[in-house]
Amino acid sequence: MNARLVMAAGLAAALAVPYLVRSDFWLGFLITVLLFAVMGMAWNILGGYAGQFSFGHAAFFGTGAYAAAVLHIGFGLNPWLGLAVAALAGGLVALVIGYLSFRYGLRGSYFALITLAFAEVLRILANWAEFTGGGVGLYVPLKVGIANLQFSGKTGYYYVALGFAVLSLAVGWALEHSRLGAQLMAIRENEDAAQALGVDTFACKLKAIALSGALTGIGGGFYTHYYLYIDPGIAYGPGVSVEILLVPIIGGLGTVFGPLLGSAVLHGAGELARRLMGDAPGLNLIFYGVLLIVMVRFMPEGLMGLVWRLRHRWRRVADA
Amino acid sequence: MLDPIILLPAAINGLTMGAVYALVALGLTLIYGVLHIINFAHGSLLMVGLYGAFFLHRAGLDPYLALVVMVPALFFTGYALQWSVIGKASHGSDQNILLVTLGASIVIENLALYFFSADTRTIDTPYSFEMIDLGVALVPLPRVIAFAAALVLAAVLWFLIARTDLGRAIRAVAKERQGARLVGIDVDHIFAMSFGIGTACLGAAACLLLPMFYVSPHVGHVFVLVAFTVVVLGGMGSFSGALIGGLLIGVTESLGGLLLGESLGQMGIFLIFIATLMFRPSGLFGSRLS
């Protein structure tokens, strides 16, 4: 009951934010946090729950981004429908990559490497193909209107991002309480044992990667319509893959609220670095890298692990 | 288009570029063979080596003479990195090592970006554009030197691993960590030694590469996936495999660029990488330092 109350209060606060935060800069910051919370949850489904670390989520992000851009610019598809198509496209690419990788039993580092290679192949293709605009990229024409998923201020984008963040939390919660979630966690802990117990590991991992790809694809589609621009480096470059995987690792692998927490802390730290040391290129990335090493070294359970430990201690104090 | 007059020089050019890939991959395959980890920081450590050689050249030292400085310098860098950061943070899990080396590469690359800016730098040496006539093709002198050096380095590594006490200890740790510990081998030290030697190879690669290439904070990206491809193709932990794999990849890239155009040519490398991982993950000459 207590947890529900906290969640309701959190949601109410999140809904009220645009009325309290008048600065476009901070709304933009929150949109980034929410966008990466969504994609961090996507990575978390595959990496956190199922234990399959992908280094190439850009493959799903970029495909979603390009699906939204190409269908909207070339065929006049409604952007809201475009987001659904972006999810489908991301999920489909994920299914293909997952099928090829899991079918041949790639695990651990090998899986990480092959996903990275797939993302690179897609980057080269996007650079080469004509319908993606090649290296120049694609510009989404400006045409403000709710039906067109374009808003004059940041508030509209904020609510859309918030909606997807809530959806991602719901997906995470549902997964954690589902049979599939339990099977994925069994695969993470010991794949051979899970298989011996009758878990169809191949099918489960495929479901996980497809779900992960679809959610990341939505993120990509939203990115396109938010920034109104996409190019191969943004879409399929290693930068986005890394940023996506950092989020749940910092927040806490295999937890529902880890990605949201991780995204807030990651981007907050990046912003803090910019404030403290000036807007030099790569500065926030230095912080990201240090944060990644420090988290793996000292807090492998992520910030959620810390939250749990504190809560545990607090309860013991309260009981005494 | 398939005229041998075009194909042969392209193939030879590819072979010499492949030698550079082999140089980079030799260190990576050693690190994989012993530690069974995928070192994502390999490309950025190469970048460190290139900057080192670049600034030594600015101070008046020829890149080939800079070998004497860069090889030990990168050995100590690698030793320290494994000893103080990677080994400590890994908690014995492969995926953690993957993440830590990824984090290290992000930090190193962006520190370089912060201090050296994104400028692409090159050096001028009297021999940069000197050509060697091989009968069928003209090849720049630095590439011929790199080719020879790759063969020498592979032989040196093989000798080190197969014929010395250190090599015996490294092989023991690669095969059976617990057993090696029980017979009195300092496993952490051997891990750091292997990482150091693998990184020292990058010091050599950097000095040989600089006269014919450029240096920028992101130069590692050019090599890191290619080096992984070479290592996987040649069989992780196999020196001869890395050598042959590097040459194969160089030729593939060169001929792929010729037949498909510059932008699609690179894709051949990644497709080989994906196909090898799927169908023959042990590589063409799969062996693990045995």
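In summary, of the residues considered (Ile108(B), Ile106(B), Asn110(B)), a side-chain contact (heavy atoms from CB on, under 4.5 Å) with Ile286(A) occurs for Asn110(B) alone.
Heavy atoms of Val294(A) lying under 4.5 Å from chain B are absent altogether. With a threshold of 4.5 angstrom between heavy atoms, Leu99(B) approaches chain A through its backbone and through its side chain. Only the side chain of Leu245(A) comes within contact range of chain B, judged by heavy atoms closer than 4.5 Å. Interface remark: Leu285(A) contributes backbone and side-chain atoms alike to the contact with chain B (heavy atom separation under 4.5 Å). With a threshold of 4.5 angstrom between heavy atoms, Ile249(A) approaches chain B through side-chain atoms but not through N, CA, C or O.
Here the CG-CG distance, from Leu113(A) to Leu98(B), works out to 7.0 Å after rounding to the nearest 0.5 Å. The distance from the CE atom of Met278(B) to the CD1 atom of Ile114(A) is 6.0 Å, given to the nearest 0.5 Å. Rounding to the nearest 0.5 Å gives a distance of 9.5 Å between OG1 of Thr115(A) and CD1 of Ile274(B). Rounding to the nearest 0.5 Å places CZ of Phe273(B) at 7.0 Å from CG of Leu116(A). The CZ atom of Phe118(A) sits 9.0 Å away from atom CG of Leu277(B), with the distance rounded to the nearest 0.5 Å. Rounding to the nearest 0.5 Å places CZ of Phe298(A) at 9.5 Å from NZ of Lys88(B).
Across every non-hydrogen atom of Ala104(B) and Ile293(A), the tightest pair is N-CD1, 3.6 Å. In plain terms, the two heavy atoms of Ala89(B) and Arg297(A) that are nearest each other are CA-CD, 3.5 Å.
Taking a 6.0 Å sphere around CZ of Phe55(B), one finds it holds more than 12 heavy atoms contributed by other residues, nucleotides or ligands. Few gaps surround CD on Glu271(A); more than 12 heavy atoms of other groups in view lie less than 6.0 Å from it. Shown here is Phe213(B), whose CZ atom has more than 12 heavy atoms of other residues, nucleotides or ligands within 6.0 Å.
Aromatic ring pairs are classed by plane angle as parallel below 30°, tilted from 30° to 60° and perpendicular above 60°; the pair Phe55(A) and Phe40(B) is tilted.
Each of Val242(A), Val290(A), Val121(A), Val296(A) has some count of heavy-atom pairs under 4.5 Å with chain B, and the biggest count is that of Val296(A). Your options are Leu111(B), Val232(B), Leu102(B), and the one with the most heavy-atom pairs under 4.5 Å with chain A is Leu102(B).
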